[in-house]
Amino acid sequence: MLNSINLNGIPNIYINSTKQKTVDNSGVSNFNEGFSSNSMLKSSDINFSSQKQLRTRLNSREEKIYKNLLSNLDKKSRKELESLLKRGILLNSDSNNNTSVLDNLNKILTTPRAEGLNAKNILQSTIEILDNPYKSTQTFGDIPQEFEEKAITQELSRNTSIELSKDVKEAIDVKMSGSCPAASIEFSMAQKSPAEFVRFVEGLSSPALSVEKEIKLSNLADNTLDAFWLLNSFEIPYEKYDYDKAVLKFAPDKNALLRAQIQTKYQDGKERSVVDVLMQSTFMNVGSQQTYDSLTDKRSGKFSTQDTGLVEFEKTFTESVVEDKNKITLTNQKIDDNGKLIGYEYDMSVFKRQLVETLNSGENIIIGYTFTDEKNNVVGGHEITLVSAHQGKDGKTYFVCNDSDDDYFGPVEYSEDYLLPKIHHATFPKHIVENDVKFEENWKEGLRAYKRMKGNNKVSSL
């Protein structure tokens, strides 16, 4: 039986996003060796809309809103907004409540935002990411002196394991973010579901600091009771709607607003925008069973012994509820208890076919890849998103990717020879893989992880 393995005890497969582009003399390869920049690939060439019928003409009501938005934007953002209209993104209404990108951009501008947030700042950041989803990043910003005392006090009041201010100051100075799974989900949402993306941004930046979403329970588990087990285990607030529907409440952790306030005033260079902060904090909070801390980029929770990032089961659950789709994460690399790569679960040609079929169906694929030394010991890893695939002149398949932590705001591509052996796991739609492999449902994997953790006295009972 092939199924997603638990990464606890394996050294930083993707839980930390330490990609080790440059390493010591231990023989670890540089991931950028397989990279090629394709000047023909531009973010504007990607079809961001999931709607079959693209609408590019405004009605009278929409035109009034559109002109008001333009009047509140700088020159760069006006060009981006005009581009969104021409490409059919602005009037996309494929959101959970059928509101359009335009509707929710207007709501961001014309209704109150949370304390310390600026409507125009959020509006322009949202438009920028919609125009080029590759602009989203997981790079944390520093905490300037103006906010340092507040951040230390706030963290001390929440984190009882830290007693000294100097230790807190070090803890909140996040150098390497572990939010790559959340950043990958954010990217795909902006690219594939723009109306839903802006609806989330609006709700998460509002005074409520939350957004509700209706999902199908059958996209979590075949059995309704198992789906509720998952919702209860992840401690995500919800209301039952009917036998197969529930309304979930998504919210960032309590420290996310302070991070967002800091980025409102002090975002510089290639740091995260306010939008990145709120979206990634929310997805990390969902995946970690509401235990994420935006100030330290740490988490606890039932399903992981690690204090950063998300394990596969958690990331898969988060993807499933955010996209309201039945997602299955399969692991191809075999890694022993000592963290050594010892082989693969199944033939690379099958794995490649699954990847290509998924991409050709219009779905992105979030993958976790590993770095190994000369003895095949796993020394690190990262999570990125596959966007498309094409055949090169050499007959090989090349995968176009987004990396939220490469300081490059555009698509990159890797050859199959280079990338496929490095992929530890990948997330597929269930229908793509169900005829190729046997797998366990998400809730069964979670229950097994919970029992293992409980056996180690790591968690309290559900």
Side-chain angles (χ1 to χ4, degrees), residues 68-69 71-78 80-81 101 104-133 135-155 158 168-169 172-175 177 179 182-183 186-187 189-190 197-211 250-285 292-297 404-405 407 409:
N68 185 51
L69 289 174
S71 68
N72 282 278
L73 297 173
D74 59 22
K75 183 177 180 181
K76 174 178 174 292
S77 297
R78 285 197 298 270
E80 292 168 343
L81 189 69
V101 170
N104 287 296
L105 288 176
N106 182 55
K107 197 171 182 181
I108 290 173
L109 179 64
T110 61
T111 62
R113 297 299 92 200
E115 179 185 0
L117 304 187
N118 180 281
K120 289 186 179 180
N121 176 289
I122 296 169
L123 180 66
Q124 293 187 164
S125 294
T126 304
I127 290 171
E128 180 179 51
I129 292 174
L130 284 180
D131 184 61
N132 180 9
K135 292 300 289 286
S136 60
T137 179
Q138 67 182 79
T139 303
F140 272 53
D142 60 319
I143 297 180
Q145 188 173 0
E146 177 186 346
F147 286 92
E148 189 174 273
E149 183 177 349
K150 183 177 182 179
I152 290 174
T153 301
Q154 196 160 304
E155 183 62 27
R158 173 173 174 168
V168 175
K169 186 175 180 179
I172 62 180
D173 184 21
V174 179
K175 299 296 187 184
S177 163
S179 62
E186 178 196 2
F187 166 82
M189 195 177 190
F197 175 81
V198 187
R199 192 180 76 85
F200 262 65
V201 173
E202 191 285 316
L204 298 178
S205 64
S206 73
L209 290 168
S210 64
V211 64
F250 294 79
D253 65 285
K254 293 182 179 179
N255 283 339
L257 180 59
L258 181 55
R259 277 284 183 191
Q261 290 169 344
I262 292 170
Q263 294 308 97
T264 297
K265 293 188 68 174
Y266 290 101
Q267 180 193 9
D268 53 42
K270 296 181 177 180
E271 295 175 352
R272 296 193 300 178
S273 68
V274 175
V275 172
D276 294 328
V277 171
L278 294 174
M279 295 290 277
Q280 292 170 29
S281 298
T282 297
F283 300 150
M284 291 299 297
N285 208 33
Y292 184 64
D293 183 351
S294 286
L295 284 177
T296 61
D297 193 37
S404 58
D405 196 28
D407 294 332
F409 298 140

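Because the structure is a prediction, the values reported are computed rather than measured.
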Name all residues meeting the salt bridge (charged side-chain N to carboxylate O under 4.0 Å, His left out) criterion together with K120; count only those two or more places apart in sequence or in a different chain, and write none if there are none. none

Holding to salt bridge (charged side-chain N to carboxylate O under 4.0 Å, His left out), I want the full list of residues that pass it with D173, two or more places apart in sequence or in another chain. K175

Quick one: does [X]'s side chain get under 4.5 Å of [Y]'s, heavy atoms only?
X    : Y    : value
D253 : R158 : yes
T296 : E155 : yes
V168 : T153 : no
L123 : L69  : yes
S206 : T111 : no
S71  : N68  : yes
Q263 : S273 : no
I262 : P144 : yes

Would you please name every residue forming a ring-ring contact (aromatic ring centres under 6.0 Å, His included) with F200, sequence neighbours left out? F250

With sequence neighbours excluded, what pairs up with F187 under the ring-ring contact (aromatic ring centres under 6.0 Å, His included) test? Y134

Quick one: salt bridge (Lys or Arg N to Asp or Glu O under 4.0 Å) pairs with a partner in residues 257-284, sequence neighbours left out?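 For residues 257-284: E146-K265.
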
Check the pair N104, V201 against side chain to side chain contact (heavy atoms under 4.5 Å, CB included), reporting the backbone distance first and the verdict last. CA-CA 9 Å; N104 287 296; V201 173; over 6 Å; no

Listed by chain and number, what are the side chain to side chain contact (heavy atoms under 4.5 Å, CB included) partners of [X], not counting sequence neighbours?
X    : value
A260 : L117, V274, V277, L278
A119 : R113
K135 : E128, N132, F409
S77  : L73, D74, E80, Q124

Between Q154 and N255, is there a donor-acceptor pair closer than 3.5 Å when you use the side chain of the first and the backbone of the second? no

Do any N or O atoms from the side chain of S136 and from the backbone of P133 form a donor-acceptor pair under 3.5 angstrom? yes

So how far is it from [X] [atom1] to [Y] [atom2], rounded to the nearest 0.5 Å?
X    : Y    : atom1 : atom2 : answer
I143 : I152 : CD1   : CD1   : 8.0 Å
L204 : L257 : CG    : CG    : 11.5 Å
L209 : K254 : CG    : NZ    : 12.0 Å

Qualifying residues under side chain to side chain donor-acceptor pair (under 3.5 Å), relative to [X], sequence neighbours excluded:
X    : value
N285 : Q290
S281 : S294
T264 : none

Going by atom types only, do Q138 and S179 share a side-chain donor-acceptor pair under 3.5 Å?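 No, S179 and Q138 have no side-chain donor paired with an acceptor closer than 3.5 Å.
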
Going by atom types only, do D142 and Y266 share a side-chain donor-acceptor pair under 3.5 Å? no

What closest approach, in Å, do A151 and L295 show between heavy atoms, and which atom pair accounts for it? O-CD1, 3.7 Å

Shortest non-hydrogen contact from N121 to N118?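 Distance-wise, the nearest heavy atoms are N-OD1, 2.9 Å.
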
Apply side chain to side chain contact (heavy atoms under 4.5 Å, CB included) to residues I172 and F147 and explain how you reach the verdict. CA-CA 11 Å; I172 62 180; F147 286 92; over 6 Å; no

